[in-house]
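Keep in mind the model is a prediction, meaning the values are calculated, not measured. Heavy atoms only: backbone and side chains are in, while hydrogens, waters and symmetry mates are out.
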Number of protein chains: 4
Amino acid sequence: MIITVASFKGGVGKTTTALHLAGYLQGRGSTLLIDADYNRSASRWAERGKLPFRVVEDGSSQNVLSGFRPNHVVIDAPARPTPEELKALAERGDLLVLPTTPDTLSLAALESAMTLLAGIHGLRYRVLLTITPPYPSQAAEKAREELEQAEISLFGRDIPRAVALQKAADAGSLVSEVRAPRALLCWLAYCAIGNELTEILLESWLEGG
Amino acid sequence: MIITVASFKGGVGKTTTALHLAGYLQGRGSTLLIDADYNRSASRWAERGKLPFRVVEDGSSQNVLSGFRPNHVVIDAPARPTPEELKALAERGDLLVLPTTPDTLSLAALESAMTLLAGIHGLRYRVLLTITPPYPSQAAEKAREELEQAEISLFGRDIPRAVALQKAADAGSLVSEVRAPRALLCWLAYCAIGNELTEILLESWLEGG
Amino acid sequence: MIITVASFKGGVGKTTTALHLAGYLQGRGSTLLIDADYNRSASRWAERGKLPFRVVEDGSSQNVLSGFRPNHVVIDAPARPTPEELKALAERGDLLVLPTTPDTLSLAALESAMTLLAGIHGLRYRVLLTITPPYPSQAAEKAREELEQAEISLFGRDIPRAVALQKAADAGSLVSEVRAPRALLCWLAYCAIGNELTEILLESWLEGG
Amino acid sequence: MIITVASFKGGVGKTTTALHLAGYLQGRGSTLLIDADYNRSASRWAERGKLPFRVVEDGSSQNVLSGFRPNHVVIDAPARPTPEELKALAERGDLLVLPTTPDTLSLAALESAMTLLAGIHGLRYRVLLTITPPYPSQAAEKAREELEQAEISLFGRDIPRAVALQKAADAGSLVSEVRAPRALLCWLAYCAIGNELTEILLESWLEGG
DNA sequence: TGAGTTAGAATGGCACCACCCGTC
DNA sequence: GACGGGTGGTGCCATTCTAACTCA
């Protein structure tokens, strides 16, 4: 399967999401992460440590992949794509993952962009709430309600804000490999997203023929 | 004076910083905020509530400013500018404010971009640490040390992570107008940045002639 | 399915194991825990807090279950059963779970008792290593090697020693409901045991007709 | 003197306690350990290595002791005795030693059983906290407070959790003969219990006539 | 002189606690 | 004002590595 991770605003955990979804998919088959973001965050992450899958930059010559046919591909799309770019991204993959934080600015950028995507026929996407503040903040629930009212499809689970994800970035590894207070919780959240993702695609394939 | 706020990564509080610096400068003279970001976050912020200064979009026709000669101008620059754009931005204003969060990804993006700016002669800039996590996190101090070791100039004070700033965004006002636990602290932090900013420019004018 | 949890020595987490396996199975269908231990530990656990399944004492009159037909049953067997009791327990259920700690005394008691079980035809059982000390102790691995050399079947995962399980006992709830450093890890361990358990029974049903 | 070691729950160090108290008493006179536990843990311990005192099983014919009149006798009682058995055990010896771990399940079993013992006139007993987790756990202190509040007499010192005791069980010797980090500490703890024990009996003999 | 033994240092990890933030 | 929760720091335990010491 081909998963595209894109966002209309930076700093919402797009690269982190792409990396961990690739890590999850790697457990189900060989996976390739294509780093198409301009600042090469995913590539730098990979350079710092050891990731269980391959990471290549988008513009890199194809011969680096000679003989490598991955079962899954995750694309870390460029930030803030134009509607045309987004349409191309959506058509390039099986599912579009749109991470967003539960703050007003990110939600506003997301909602205004979603109106542009409404015109794309047969678009498969899911919004992922990320960096949600811990209890007792209700920001995540408020954001979820607001998005559901706008009839925007979103994953059933959020990615919490935790230092474990920062440590993973520091170490250049996945959060599942990090010793930090809530690392396991973060990894389980990404696994839940991965499971939901496969279910969505399985369902769409069944009905789509 | 003309202040340009730019960043190489999204979600670091660029718009929030531009708005509050404009709010601070408005107390010292008529101020205009130019919203040059593609997603119009500053404009939308202004539309939601009441800001004590004018906000115009970059591409808007000039006649909306007919007869308005502001003492100060703050530019909310587009996200992730190219080196050429950044050079143009730097030359367009008196000082470049570069907000960044203290996480690894943002710092890496900042440092790699700073190497590009090293070639610009007479560049005046300051890096502003934003959204710094509260005690007992040492992320802010670590980031400060790392940046100082890289000989990157940064403001003496940070902007803390607080819900007060989120509420300000929700209300469409400045954090000084918001009733929230640490609103005053956030506002004082921005005032301190504003003071440091005027000192920097005063000093540069004195020596620069 | 009917799971029987028994042990030849006390203090090896028999009740804890029975409770958490019941909690896991409850997620897959209505589950009943029969507390057949003389000291009523499971019943007392249930009285202290809120468990997501029903707990009844073995000798209680049947009418307390009037109209309740659980999908799964977990039996917290009496400690140190005689070979005849153990045979009856094994025939009463689908699988016998035998928790043991990795210390010499428990292992010796287990191995000597396993020789008695060797005569039972078609016995389905698994040994579960519990309360395994954390890194860098190698007690768990040593015990695992010793048991495998004795050709004793054991689950692939251990239940670690953690205060989270104590807190769960204090609170009268499952470890998944407890806020403690390694609570999630303990719960995942029990879930892994539960998964392995269903796989074992599924496999045996497939081949057993 | 005749010391009986019993417990209402397994895995609390009953056999270890009986062995080491016998080892201590051997230093004050010839001592015999009677292994009355069904799983023969004490006998197996003795078989593995070399203990400074004799160990016999309860049911063994008396002629194995022909001509041996020990000064002291320690009885490793069967686990989880009925009230009648416990009464018989208590009357059989001078003092009843009841080891317990500081966890909720063991304490609950102990306290409920102590209500049964309240009816026994002239019962001499002491509760011994065993396997107490190291600093910074407060489980031992909490348990001590709880037991004191329930007016249950307990020894002044605890037996800590340490690998030295496991190594002693592996080697079939007393912890005083083992080379391990905290072996001496464990042995001193048992010596302190032994001293307290003799003081208790001395005092009771003085007043009891 | 060499090998086995023993003591010390370093590592990794777990459990508790202090402090602060955000909501009710 | 009270409470629940996250983050970082401290103290201690168990193991392993290293080095020195003893004895043949």
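From L21(C), atom CG reaches atom CG of L128(C) across 7.5 Å, with rounding to the nearest 0.5 Å. Considering CZ of R161(C) and CZ of R182(C), their distance stands at 9.0 Å, rounded to 0.5 Å.
Here the range on DNA chain F touched by chain B, meaning any atom under 4.0 Å from one of its heavy atoms, is dT7(F) to dG9(F).
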Footprint string (nucleotides 14-24 of chain E, 5' to 3'): B base within contact, S backbone only, - free, heavy atoms under 4.0 Å: SBSS-SSSBBS

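Side-chain atoms of R157(A) do not come within 3.5 Å of backbone N or O of I193(A) as any donor-acceptor pair. With T130(D) contributing its side chain and I159(D) its backbone, the two residues share no donor-acceptor pair below 3.5 Å.
Remark: of the listed residues L105(D), T100(D), T101(D), T100(D) is the sole one forming a side-chain contact (heavy atoms from CB on, under 4.5 Å) with L110(D).
The aromatic rings of H20(A) and Y190(A) lie parallel to each other, their planes meeting at an angle below 30°, with 60° marking the opposite boundary.
Using a 4.5 Å heavy-atom threshold, the side chains of K50(D) and S173(D) count as separate.
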